[in-house]
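Hydrogens, waters and symmetry mates play no part in the numbers below; they use all other heavy atoms, side chains included. Residue numbers begin at 1 in each chain, while the letters A, B, ... track the order of the sequences.
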Amino acid sequence: MITIDNVHYSYASNIEALKGVSLTINDGDFIAIMGQNGAGKTTFIKHFNGLLKPTSGTVHVNGIETTKTSVATLAKNVGFVFQNPDNQLFSETVEDEIAFALKNFKYDKKTIEEQVTWALDFFSLTQYRKTSPFLLSGGERKRVALASVLAWNPDALVLDEPTIGQDHEQKEKLRQFIIQLHAKKKTVIMVTHDVEFVAECNPRVILMRDGKIIADGIAKNILTNPTLLEESSIVLPQIAQIFTKLYPLGLPTDIIDITEAETILLAANAKKQEQLT
Amino acid sequence: MSVFDGLKFRKVSSPIHNLDPRIKFIYVIAIFISAILFSQILPLAILFLMQLPFVFLAGVQKQWVKSLRGAAFLATFIFVINIVTKFFYNNWTIQFSDIEIALSMTMRFVVLVESFSVFFLTTSPDYLGLALEQSRMPYEFAFAFTTAVRFVPVLAEEAQTIMDAQKARGLELEKGNLLKRIRNYIPILVPLIVSAIRRSLELAEAMESRAWGAVKKRTNLYLLKLHKGDYILISITAIILITTLYLRFFVTIPSITYYINLISNFFS
Ligand SMILES: Nc1ncnc2c1ncn2[C@@H]1O[C@H](COP(=O)(O)OP(=O)(O)OP(=O)(O)O)[C@@H](O)[C@H]1O
Ligand SMILES: [Mg+2]
């Protein structure tokens, strides 16, 4: 459980990036944090594993205040994947890159071997096992970064823009994986601008703006609220846009799920047919 | 990354900021030469104090103190190494004059850091490039130099992000013996160097696709011209150099140890 209480954070240059944020993240929560560029999302999530310590206010991870322990200790519970994979890749092979954290956490050889093989396989990287990560494409490097964190199986996972540069198949895999993690009662927190991805994942959505949380609720409510989204420079998911336009037909407007949309449209159509006959 | 903060230029207007960078550079070189020529604490201390009016006129006290704080580690290192080597050389004894020499060496380093810090704090990279160009340096070199200077703070920021990313994967920088600690920096340095190279290649591509170097002969919108302040500074520089040479070669500079001996002899 992560408890954030009235956190303010200023960078050295006196820019207040967080202006009093409070939030409770329970074990097993699945959260998407959204908001315009510079809203403070990255600054906020860096508090979850102690990379940043609040200027005022407190952050507790599993009851431990983040100022009282090291990042390495917190990292074992809270895995963090950065926006830019090039900020972490350094090993000679993809395999070593994935094993790096496992070695830092002093896992035994056998576990390391198993976990690395599993992560390589899961992220379709097995063919690159012995390749230098620097020779991979942008999307592949991002996957190596993801694999290198997921390999140690942390209780909570924080992802900064995980879908950047991923093709549809990899995005879908990522979604499946996040859902699997969620089913295993792991906490997943992701920052993203990809509104369609969020609509498909259906998490709890938190909107940030100017260093504050301006909305917190289920995806269905937040992603179909045009005024709220406009404030955060987000467009409605396409399905919600269609249903907003279809409002005059008497259909509901808070729809973001494709199967639900299909059911409603088919039902409406059937009703119409019935009326015609 | 406080060392880099001490070199970061901020755009403000002050008599020092408005000086011609070429003259300022000559001044810094003059201080540099003087600091190398003197090895006694007294003249070095005077050189140190002589920079203070510049710092205050430019209003960069805060950043200047930061850069000195950043240099404190190396300064301490220089002091300790000097003392320790003397200590071994003189069969495990230490004299007051040895401490004085160690102090002078440290002071010399501090003076160098101080004068360069004032120079970089008060000179915009743009003017620096302009100065290089007007000193007949080929534009390619001038550009490379200004770009390098401009990217120092960017790299410092990047180093911080990389450290964060590796700490998040359980890296503990401050753990282990000396060798282990040095090895801990590999996961920081490799991504930093790789991304610097990648960035430079990308920058080159982006520049070429925007027709960099299409025109062989460039003209500048701004031209550097010497003003009153610049002539004053060049005079000060000349005076410093002449005084230094005179003092260094025609006057024996007394050391503090000399005075201490004098005083103790007087009382005994
Ligand atoms: N290292 C830093 N030093 C100074 N200011 C910073 C630093 N990092 C971020 N900021 C500032 O803090 C504010 C919040 O930045 P942050 O990176 O948290 O935004 P974000 O919501 O993640 O944006 P994006 O969607 O672009 O990733 C911005 O105004 C930014 O300029
Ligand atoms: Mg961000």
J.: In terms of heavy-atom proximity below 4.5 Å to chain B, should A:Glu97 be classed as side chain, backbone, both, or neither?
T.: both
J.: I want to check a possible cation-pi pair here: A:Lys76 against A:Tyr107, using under 6.0 Å from ring centre and within 45° of the ring axis as the test.
T.: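 Verdict for A:Tyr107: a cation-pi partner in A:Lys76.
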J.: Got a donor-acceptor contact below 3.5 angstrom from the B:Asn184 side chain to the B:Glu172 backbone?
T.: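 Here the side-chain-to-backbone pair exists.
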J.: With a 4.5 angstrom heavy-atom cut-off, could you sort out which part of A:Phe105 is near chain B: side chain, backbone, both or neither?
T.: side chain
J.: For A:Ile189 and A:Ile45, work out which heavy atoms get closest and say how close.
T.: CG2-CG2, 4.4 Å
J.: Quick check against the 3.5 Å criterion: does A:Arg141 have a side-chain atom that pairs as donor or acceptor with the backbone of A:Leu136?
T.: yes
J.: So which part of A:Lys103 gets closer than 4.5 Å to some heavy atom of chain B, the side chain, the backbone, both or neither?
T.: neither
J.: What part of A:Asp86 gets within 4.5 angstrom of chain B, counting heavy atoms only: side chain, backbone, both, or neither?
T.: both
